[in-house]
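The structure appears right after this line, and notes come after that.
The sequence lines fix the lettering, A, B, ..., with proteins before strands; numbering per chain opens at 1. Just so it is clear, the model here is predicted, and its values are computed rather than measured.
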Amino acid sequence: MRPVVRFLDDELLVRIIAEARTILCKLGVEIHNDSIVAMLADHGAKVDPEKNRVFLTDDIIDKALAAAPGSFQLYDVHGRRTHDLSGHNVHFTPGSAAIHVLDNETNTIRTPTTGDVVEYVKVVSQLDHLASQSTAIVPGDVHQNISDSYRLFLSLMYCEKPVVTGTFTIDAFNIMKDLQLAVRGSREELRVKPLTIFSCCPTAPLKWSDVTSQNVVDCAKYAIPVEYISMPLAGFVAPVTLVGSLIQHTAETISGIVISQLTNPGTPVLYGGSPAIFDVRYETTPMGAIETMMIDCAYNEIGKHLGLPTQAYISLSDAKQLDAQAGLESSMGATLAALAGINNISGPGMLDFESCLSLEKLVVDNEIAGMTLRMIKGIEPKDDFPALPIFEELLKEQYLLISKHTRRHLRQEHYFPGPVIDRANRSRWIEEGGVSLRERAHREVTRLLADYQPSELSDDVKKDLTQRMEHEARRWGMDQLPHRQDAGATM
Amino acid sequence: MSILTEIVENLIVGDDEKVSALTQKAIDDGVLPKQILDDGLIAGMNTIGQQFKNHEIFLPDVLMAARAMYAGMDKLRPLLLKEGIPSPGKVVLGTVRGDLHDIGKNLVGIMLKGAGFEVIDLGNDVSPEKFIQTAREHDAAVIGMSALLTTTMSAMKEVTYQLKEEGLAGRIKVIVGGAPVSAEFAVEIGADAHGYDAANAVERVKSLISEN
C-alpha cells in the first residue's frame with residue numbers, strides 16, 4: 001500500500017474551493033496586463049479598468065479547469081522521459097532561486113558567480129534522487145537582464161535533466177524559449193516533449209503583475225508547462241488561519257490556470273505554490289514551519305481534487321547553515337510532501353527562507369529524497385507468503401544473509417544511502433576520522449565535482465546554445481560571457 | 001583466460017559449483033596447489049574484501065564468495081596438507097562464558113574462513129580455560145572472543161590474564177569484539193586487537209598473524 005497523508009476532509013475541501021470561486025467572481029483578481037484583461041473580458045469577465053480588476057465567472061473557471069491537463073510528462077535534453085507528473089507520483093527538484101550560496105570553506109554567504117552555477121549543475125547532474133535540475137541560484141557576474149536566461153543556458157550545457165526555471169522579465173522569455181528550441185529542434189517537438197517548467201508567481205493578495213501574467217501567456221503559447229507559485233502569508237497578506245490561506249491560495253492559483261487555459265487550452269500546468277505562515281516575532285516567512293508544510297500538503301489535495309498535477313516549495317529549511325535544523329525541517333517537509341503525493345517537490349539544497357543554496361545541503365537532501373522515495377513505495381509482500389519455507393530455511397541455516405530470498409529482494413527492500421549518511425559503528429566511525437556530517441557532505445561534493453562527466457548533448461547544439469547566449473549577452477552590453485574554466489571540456 | 005583468472009572471476013560472483021570444478025581442473029592440469037590458493041582463491045577474496053570496503057558490494061556478496069572459497073578449499077586442503085603447506089593461520093573463536101549471543105561471532109567465523117584461515121568455532125558460553133586449552137591443542141595463532149553483554153565482557157580479561165600467567169601472551173594473540181566492546185576496553189584488558197565489525201576483525205587477524 002502506498003502510504004498517503006491527508007489534511008482536509010472532502011466537505012472542507014469542497015467548501016474551500018467554493019469560497020475561492022466566490023472571491024474570484026465577487027471580488028475579482030487584479031491583473032496589470034491590458035491584453036490579458038482584454039482576453040478575459042472577451043470571455044465574459046467583467047472588468048474594472050481603473051483598478052485593473054477582473055471579475056471571473058463560473059463559466060470561465062469551469063472552462064479553464066476542464067481544459068487543464070490532468071497530467072503531463074517531462075523529458076531530458078535527449079528527449080528521454082524523466083517525469084510522469086500524475087496521480088501520486090513524486091519527483092524531487094532543487095529549490096529555486098537563491099541570491100546567495102553558502103561557501104563551505106568560510107561558512108558564510110556570498111553572491112553566486114558563474115563558477116558556482118556550474119558547480120551546482122555538475123553536482124545536481126549526478127544526484128540520483130533529484131529527477132530534475134532547477135535554476136537554483138542567480139549569478140551575480142552577468143548583466144541582471146540575462147541572469148535568468150544565463151542560468152538556463154548553463155543548466156542545458158552541463159546537465160541533461162529537465163529544468164525548473166522562470167524569467168525575471170517579459171523580454172527574457174524570448175531567449176529562454178529559443179534555448180529550448182535549440183535543444184529540441186522545433187516548436188512542435190518542444191510541445192510534445194516539455195523540457196522545462198516555468199514558475200509563475202501571482203502577488204498576494206489576488207494580484208498578477210504585468211511580467212508574471214505575461215510569462216503565463218508566453219509559456220502557454222509554446223505549451224511550456226507552468227507551475228503557479230501562489231504565496232499567501234498567513235497572518236500578514238492572507239488570513240492567519242490555515243483554511244483562510246488555503247482559500248486565498250486556491251483563488252490565486254485558479255486565476256493563473258484561467259490565464260493559461262484561455263490563452264492555449266491544454267497547456268500543462270502544475271498546481272503549485274510557496275505559501276508560508278508569517279512569523280510575527282521575526283517578521284519572516286518560515287518555509288520550515290509545520291503550518292507552512294500543512295498548507296502545502298492541503299492545497300495539493302485541492303489540486304488533486306481539481307484533477308491537476310501538483311507542486312510545492314517544501315523540503316527546505318530556514319537554518320543558516322547545514323545543521324540539525326536544516327536536516328529536520330527539510331526531512332519533515334520531504335516526508336509530508338511525499339506522503340501527500342505532491343508530484344514535484346521543490347526545495348533540496350535551500351537554506352535561509354530559500355535565499356541561500358548549499359551544495360553540501362543538496363547532497364544531504366538527495367539522501368532525504370532517496371529515503372522518502374523508498375518510504376512511499378510502502379510495504380508490499382514479496383515472496384513472503386506462505387512464510388513457512390523462509391522460516392524453515394532460517395532455523396536450518398541460522399541466518400539468511402545468503403538466502404536466495406535475501407539476494408532477490410535486498411536492493412529493492414532496503415535503500416542504501418551514500419556516504420553522507422553515517423551508519424558505521426562508533427569504532428569504525430572514529431577510525432575513519434570521526435567525520436562530521438558537514439565534512440562528509442563536503443567530501444561528497446568534492447567527489448562529485450571530480451567525477452563529473454560532460455553532458456552528452458551534441459556539440460552542435462552546445463555551440464548553438466553558446467552563440468545564442470553570447471548574442472543575448474551582447475544585447476545587454478556584455479562583450480563576452482564570464483570565463484568558464486572548463487568551457488572547452490563541455491564540448 | 002587462464003584458469004586462475006577464471007577461479008577469481010567465479011569466486012567474485014559467488015559461484016561455488018564452478019569454483020569447485022575449476023579448482024579440480026587446475027589441480028588436474030598440474031597447477032601447484034599453493035598457486036591455486038594464492039593466485040586463485042585468496043586473490044579473489046582480496047578483491048571481494050576491497051569491493052566490500054568501498055561499498056561496491058554488500059555482505060551477502062562477500063558471504064557468497066566465501067562459500068565459493070570453501071568449495072575450492074575442500075578440493076585443495078588435502079593437497080596443501082600433503083605438501084606440508086601451512087594454513088594462513090588457525091583462529092579459535094567463541095562467545096565468552098555466560099553469553100549466548102553468537103550471530104556476530106558466526107559472521108566473523110564465516111569471514112575468517114573466507115579469507116583462508118582455519119577456524120575452530122567453540123560456539124557460545126565458552127569458558128576461559130576452554131579457549132586456552134583449545135588454542136594450545138591446535139597450536140592456534142589467535143583467540144577471538146565475542147561478547148554482547150557488558151556483564152560478560154569481563155570474562156575476556158580472564159583469558160588475557162591466564163595467557164600472561166602461562167607465558168603464552170604474545171605467542172597466542174587475542175582479538176575481542178562485540179557491541180559493548182571498544183578499542184579502549186581491548187587495551188585495558190591487554191588484548192592484542194579489537195575488531196569493530198566482521199570485516200575489520202579479518203583485517204586485524206591478518207595483521208596479528210603477520211606480526212608473528
Side-chain angles (χ1 to χ4, degrees), chain A residues 126-129 363-364 366-367 370-371 374 382-383 390-391 393-435 437 439-441 443-448 450-451, chain B residues 13-16 48 52-71 95 100-111 113-114 121 123-124 148 175-187 191 193-201 203-204 207:
Chain A
Q126 298 170 78
L127 297 179
D128 288 345
H129 308 301
V363 298
V364 173
N366 179 56
E367 293 299 350
M371 292 183 198
R374 166 63 189 94
K382 286 160 193 143
D383 297 334
I390 191 73
F391 283 91
E393 186 182 345
L394 175 56
L395 294 178
K396 178 166 170 263
E397 301 292 338
Q398 294 297 302
Y399 62 90
L400 292 172
L401 278 165
I402 57 172
S403 155
K404 275 190 182 153
H405 185 265
T406 303
R407 284 180 286 131
R408 192 178 306 134
H409 298 298
L410 176 67
R411 287 175 190 258
Q412 285 73 45
E413 281 292 278
H414 300 185
Y415 166 66
F416 292 95
V420 299
I421 301 297
D422 167 35
R423 286 191 182 171
N425 61 38
R426 179 168 287 273
S427 298
R428 180 170 180 173
W429 177 74
I430 289 169
E431 189 176 282
E432 292 177 352
V435 179
L437 172 74
E439 179 56 26
R440 290 196 300 275
R443 287 181 188 181
E444 184 63 359
V445 168
T446 308
R447 182 187 74 77
L448 291 170
D451 287 356
Chain B
V13 297
D15 191 332
D16 54 345
I48 283 284
F52 180 60
K53 206 171 178 181
N54 297 339
H55 292 183
E56 289 161 28
I57 57 168
F58 302 146
L59 199 52
D61 310 300
V62 179
L63 299 184
M64 291 296 288
R67 197 171 68 168
M69 162 97 181
Y70 308 161
T95 304
L100 301 178
H101 299 90
D102 62 0
I103 296 170
K105 180 268 295 170
N106 290 346
L107 200 54
V108 172
I110 296 167
M111 303 275 274
K113 280 200 256 177
D121 189 343
N124 54 45
L148 198 82
I175 178 167
V176 293
V181 180
S182 65
E184 292 74 28
F185 176 76
V187 172
H194 165 246
Y196 57 67
D197 61 26
N200 182 245
E203 277 182 35
R204 295 290 149 91
S207 359

Side chain, backbone, both or neither: which part of Arg426(A) has a non-hydrogen atom closer than 4.5 Å to chain B? neither
Check each atom of Arg428(A) against the heavy atoms of chain B and say whether the ones under 4.5 Å are side chain, backbone, both or neither. both
From Phe58(B) CZ over to His414(A) NE2, what is the distance, rounded to the nearest 0.5 angstrom?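 Answer rounded to 0.5 Å: 11.0 Å.
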d(Thr406(A) OG1, Met64(B) CE) to nearest 0.5 Å is 10.5 Å
Are more than 12 heavy atoms from other residues, nucleotides or ligands located less than 6.0 Å from atom [atom1] of [X]?
X: Phe391(A); atom1: CZ; result: no
X: Lys382(A); atom1: NZ; result: yes
X: Ile103(B); atom1: CD1; result: no

Under 3.5 Å donor-acceptor, Asp197(B) side chain and Asn425(A) backbone: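 Judged by distance alone, no pair lies under 3.5 Å.
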Heavy atoms of Leu410(A) and Pro60(B) approach each other most closely as CD2-CG, 3.9 Å
Segment of [X] engaging chain A (4.5 angstrom heavy-atom cut-off):
X: Asp102(B); result: neither
X: Leu107(B); result: side chain
X: Leu63(B); result: both

So Ile430(A) and Tyr196(B), do their side chains get closer than 4.5 Å, heavy atoms only? no
Cationic N near anionic O, under 4.0 Å, Arg204(B) to Glu431(A):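 Salt bridge between Arg204(B) and Glu431(A), a charged N being under 4.0 Å from a carboxylate O: yes.
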